[in-house]
Amino acid sequence: MDRDLLVSVGVQAKKKLLLGNNIALWDVIASCSIKGSSDSSIKDVTPNNLIPLLDGSSITRIYANGAKAYELYMKYSYEKTGMEIIKLPSTSPANAVYTLEKLIAAWNNIKIIAH
């Protein structure tokens, strides 16, 4: 499957995929200052309070979509949640180091761990 096809899938189809596989998405950051889409420019962070989400659900694992998400979770949320996070490679098109095949292989670990 090519990356452009994955990007072109509509929001409703993505929601159906996530809900059908019991996957929740949430950002560590509620707001911040950022230049363009450069993770390295993130500053003035206001983190999301993940406790209500976690307490009101049966979430058992947290995965980070890339190193920056992992870093931000560890800095702003880990101490409060006490839940470990598993770092996965970023699915951002800017992550040219990973081919689609390598991303799929890395992210397939979720299925292996979950079952």
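Fair warning: this is a prediction, and the values are worked out from it, not measured in the lab.
Rounding to the nearest 0.5 angstrom, the gap separating the CE atom in Met83 from the CD1 atom in Ile51 is 9.5 Å. Note that the OG1 atom of Thr46 and the OH atom of Tyr76 stand 8.5 Å from one another [nearest 0.5 Å]. For the atom pair Ser58 OG and Asn22 CG, the distance stands at 7.0 Å (nearest 0.5 Å). Between the CD atom of Gln12 and the CG atom of Leu19 there is a distance of 9.5 Å, given to the nearest 0.5 Å. Rounded to the nearest 0.5 angstrom, Lys15 NZ and Ile23 CD1 are separated by 15.5 Å.
Between Ile86 and Arg61, the shortest heavy-atom contact is CD1-CD, 4.5 Å. Heavy-atom minimum distance, Ala106 versus Leu88: O-CD2, 3.7 Å. When all heavy atoms are compared, the tightest approach of Asn65 to Ser90 is OD1-CA, 3.2 Å. Taking each heavy atom of Ser38 and Ser41 in turn, the nearest pair found is O-OG, 2.8 Å. For the pair Lys87 and Tyr70, the tightest heavy-atom approach, listed with the atom from each and the gap, is CB-CD1, 3.6 Å. Heavy atoms only, all atoms of each residue included: Val45 and Ile42 are closest at CG2-CG2, 3.5 Å.
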Quick one, Tyr98 with Thr91, criterion side chain to side chain contact (heavy atoms under 4.5 Å, CB included). Give me CA distance, side-chain angles, the key distance, then yes/no.
CA-CA 9 Å; Tyr98 278 81; Thr91 56; over 6 Å; no
Hey, mind stepping through Ile29 and Leu72 against side chain to side chain contact (heavy atoms under 4.5 Å, CB included) and telling me if it holds?
CA-CA 8 Å; Ile29 297 176; Leu72 292 166; 3.3 Å; yes
Give the C-alpha distance, both sets of side-chain angles, the deciding distance and a yes or no for side chain to side chain contact (heavy atoms under 4.5 Å, CB included) between Tyr73 and Ile62.
CA-CA 10 Å; Tyr73 177 85; Ile62 298 176; 3.5 Å; yes
Given Val28 and Asn48, is the side chain to side chain contact (heavy atoms under 4.5 Å, CB included) satisfied, shown in steps?
CA-CA 5 Å; Val28 174; Asn48 269 316; over 6 Å; no
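Residues Trp26 and Ile34 are members of one and the same hydrophobic cluster, defined by side-chain heavy-atom contacts under 4.5 angstrom among Ile, Leu, Val, Met, Phe, Trp and Tyr. Hydrophobic clustering keeps Ile110 apart from Leu17 (ILVMFWY residues linked when any side-chain heavy atoms are closer than 4.5 Å, directly or through intermediates). No single ILVMFWY cluster, assembled from side-chain heavy atoms under 4.5 Å apart, contains both Leu18 and Ile59.
Under the 4.5 Å side-chain criterion, counting only non-hydrogen atoms from C-beta, Ile85 is in contact with Met74.
Between the Ser57 side chain and the Leu54 main chain, a donor and an acceptor come within less than 3.5 Å of each other.
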